[in-house]
Amino acid sequence: MFTTADFFQYTQWSGIATLVLAAIAILGFILKWGIRFRLVGATGFMLVMTAGLFTLSLGPLSRTVIPGALKYSLVYDNGSTQAVIAIPPSITPTELEATLRQAASNLYSNGRLARRGDNQLTIRSRTIIHPEAGVSVPLYLGEVKRSLTSREDSEMAIEIYPEKFAQLPKPTA
């Protein structure tokens, strides 16, 4: 993943390229080149690219990394108070707790809207099991509830369902 220093370096190079392109566009107007208006368009595009790179150098989108967390996929997100992540069926309760903490941190956003009386983001974790051929069943293994108003939530509630882990398929040796 790119860091703020990387984006700042790209901003510098893009800024230099923008200035060079602007000089060529001015030269094109002085010498009445046929492509002078295209050069103005390219300079404008480079200016927008430079501004975007500068914005990313201030603080790019970053993901939290919690040791022991597994990769997950976001399956459902209503944009306000509920989300569901998919996890592999080989997960352990310890890995699930770390994964839920990571998902709670990554899915936090100031843009989430609270519903009447519900000021918590609930993220449920599920996996798919196949009890018999041709049958797939979602199995919810745990959930985390975190505040919608504070990025650093010290009162995050993680609930893991140990009885559901008994339904997971046993790993074959």
Side-chain angles (χ1 to χ4, degrees), residues 1-89 91 95-96 98-128 136 138 140 143-154 156 158:
M1 179 143 221
F2 296 114
T3 64
T4 55
D6 292 335
F7 281 116
F8 189 67
Q9 184 177 11
Y10 300 149
T11 301
Q12 291 173 340
W13 284 106
S14 181
I16 291 168
T18 302
L19 292 175
V20 168
L21 201 54
I24 293 172
I26 291 170
L27 186 63
F29 270 98
I30 292 171
L31 300 176
K32 298 190 190 289
W33 291 344
I35 63 167
R36 62 185 178 255
F37 295 109
R38 291 182 192 148
L39 290 170
V40 170
T43 304
F45 174 76
M46 284 301 298
L47 190 63
V48 170
M49 289 295 297
T50 303
L53 287 169
F54 176 71
T55 303
L56 287 172
S57 74
L58 297 176
L61 301 173
S62 60
R63 299 283 183 202
T64 303
V65 177
I66 305 284
L70 299 182
K71 288 190 174 207
Y72 63 87
S73 299
L74 184 63
V75 177
Y76 172 78
D77 189 349
N78 70 356
S80 61
T81 59
Q82 295 180 11
V84 177
I85 60 171
I87 52 175
I91 197 166
E95 292 170 332
L96 176 61
T99 304
L100 285 171
R101 285 186 188 280
Q102 183 168 326
S105 178
N106 289 343
L107 294 177
Y108 172 81
S109 171
N110 288 328
R112 289 188 178 275
L113 301 173
R115 297 207 175 162
R116 287 183 222 129
D118 190 7
N119 200 14
Q120 298 279 319
L121 169 61
T122 302
I123 303 169
R124 299 177 72 195
S125 62
R126 69 126 172 98
T127 190
I128 302 290
S136 299
Y140 288 90
E143 69 180 23
V144 60
K145 291 187 179 194
R146 64 153 301 136
S147 170
L148 281 174
T149 57
S150 171
R151 175 170 285 287
E152 301 301 324
D153 187 7
S154 60
M156 201 174 347
I158 297 177

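No side-chain heavy atom of Ile85 sits less than 4.5 Å from a side-chain heavy atom of Ser73. Here the side chains of Ile87 and Thr99 are in contact, with some heavy-atom distance below 4.5 Å. With contacts defined as side-chain heavy-atom distances shorter than 4.5 Å, the pair Pro88/Thr127 does not qualify.
Residues that satisfy the salt bridge (charged side-chain N to carboxylate O under 4.0 Å, His left out) test with Arg126, not counting sequence neighbours, are absent from this structure. With sequence neighbours left out, the ring pair (Phe, Tyr, Trp, His ring centres under 6.0 Å) criterion links Tyr10 to Phe2. With sequence neighbours excluded, no residue forms a side-chain hydrogen bond (donor to acceptor under 3.5 Å, both in side chains) with Gln9. With sequence neighbours excluded, the residues that form a side chain to side chain contact (heavy atoms under 4.5 Å, CB included) with Asn119 are Ala114, Leu148, Thr149. The side chain to side chain contact (heavy atoms under 4.5 Å, CB included) search around Ser136 returns Ile128, His130, not counting sequence neighbours. Every residue two or more places apart in sequence or in another chain that forms a side chain to side chain contact (heavy atoms under 4.5 Å, CB included) with Tyr108 is listed here: Asn110, Arg146, Arg151. Contacts of Glu143 classified as side chain to side chain contact (heavy atoms under 4.5 Å, CB included), with partners at least two apart in sequence or in another chain: Thr122, Arg124, Lys145, Glu159, Tyr161.
Distance CZ/Phe8 to OG/Ser57: 6.5 Å, rounded to 0.5 Å. Summarising the geometry, atom CG belonging to Leu121 is positioned 9.5 Å from atom OG belonging to Ser147; distances are rounded to the nearest 0.5 Å. Distance CG/Leu100 to OG/Ser105: 12.5 Å, rounded to 0.5 Å. Here CG of Leu56 is found 11.5 Å from CG of Asp6. Values are rounded to the nearest 0.5 Å. In this structure, OG1 on Thr43 lies 14.0 Å from CZ on Arg38, to the nearest 0.5 angstrom. One distance of note links CG of Leu53 with CG of Leu58; it measures 11.0 Å at 0.5 Å rounding.
Judged as a salt bridge (charged side-chain N to carboxylate O under 4.0 Å, His left out), the pairs with a partner in residues 65-77 (not counting sequence neighbours) are, in order, Asp77-Arg112. The salt bridge (charged side-chain N to carboxylate O under 4.0 Å, His left out) pairs that include a residue from residues 10-31 number zero, where partners must be two or more places apart or lie in different chains.
Heavy-atom contacts from other residues, nucleotides or ligands closer than 6.0 Å to CE of Met49 number 12 or fewer.
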Donor-acceptor pairs are to be reported for all side-chain atoms of residues 18-33 against protein atoms at under 3.5 Å, with residues two or more places apart or in another chain.
residue : atom : partner : partner atom : Å
Thr18   : OG1  : Ser14   : O            : 2.7
Thr18   : OG1  : Met46   : O            : 3.4
Thr18   : OG1  : Thr50   : OG1          : 3.0

